[in-house]
Amino acid sequence: EYLFQFDRRNDLTVTTTYDLNDRWSLNALFVFQTGSRITAPISIAPLPENESTIRNYEERNNATLPNYHRLDLSIQNTKESKKGNLRTWELTLYNVYNRLNPNRLLISSTAVLDASGDFSHLKPFVRISSQFPFMPALSYSLKF
């Protein structure tokens, strides 16, 4: 058994670098991971005379988020300065194909009323939250 954050059936990382010449290089990184385990409620019930709810859970880590994958590309320019320091400019394109990878589950509910306008039941809905869409980045480093 593994702790839930490490319970992934598949975890693949592929990286490659191609040197165009002494100064320029191209880099690619592809990451694929099976979705993370999460604990999701099996039902949501209202608390009497209160606007909050209670969530009922059956077991821990009972659901799995969708798979995670992304492709990052970068180009680097490296040159030695007049003082002998090594400087590098790098342009990185993170998550090139803009996959909205899930990182958590947001569970909410809305009240459903009957024909007379009285409370009938709660209708749960699930929204998957994601971070870090396509993002360019420019970096500069100096080794001295």
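Side chains included, hydrogens not; waters and symmetry mates left out as well; all remaining heavy atoms used.
The number of heavy atoms from other shown groups lying within 6.0 Å of OH (Y57) is above 12. The local environment of CG in D114 is crowded, with over 12 non-hydrogen atoms from other residues, nucleotides or ligands closer than 6.0 Å.
Hydrophobic clustering, with ILVMFWY side chains joined whenever heavy atoms are under 4.5 angstrom apart, keeps L138 apart from Y94. Cluster membership check: Y68 shares its hydrophobic cluster with L29, using side-chain heavy-atom separations under 4.5 Å among Ile, Leu, Val, Met, Phe, Trp and Tyr. Put simply, L91 and F134 are part of two different groups of oily side chains (I, L, V, M, F, W, Y) that touch within less than 4.5 Å, one to the next. F32 and Y97 fall within the same hydrophobic cluster, defined by Ile, Leu, Val, Met, Phe, Trp and Tyr side-chain heavy atoms under 4.5 Å apart, directly or through other members.
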R23 and N21: CA distance, side-chain angles, deciding distance, side chain to side chain donor-acceptor pair (under 3.5 Å) verdict: CA-CA 6 Å; R23 292 181 57 190; N21 55 38; over 6 Å; no

Worked verdict on R87 versus T78 for side-chain contact (heavy atoms from CB on, under 4.5 Å): CA-CA 6 Å; R87 66 112 179 114; T78 304; over 6 Å; no

Worked check of side-chain contact (heavy atoms from CB on, under 4.5 Å) between S129 and N103: CA-CA 6 Å; S129 172; N103 65 341; 3.7 Å; yes

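Under 3.5 Å, the side chains of T34 and N67 contain no donor-acceptor pair of N or O atoms. Judged by distance alone, the side chains of R37 and N62 never bring a donor and an acceptor atom under 3.5 Å apart. Side-chain contact check for E90 and S74: at least one donor-acceptor pair (N or O, by modelled atom type) lies under 3.5 Å.
Residue F30 comes nearest to R70 through the heavy atom pair CD1-O, 3.2 Å, listed as atom of the first residue, atom of the second, then distance.
Using cut-offs of 30° and 60° for the angle between ring planes, the Y140 and W89 rings count as tilted.
A distance of 6.5 Å separates CG in L142 from OG in S81, rounded to the nearest 0.5 Å. Once rounded to the nearest 0.5 Å, the distance linking CE of M135 with OG1 of T92 reads 11.0 Å.
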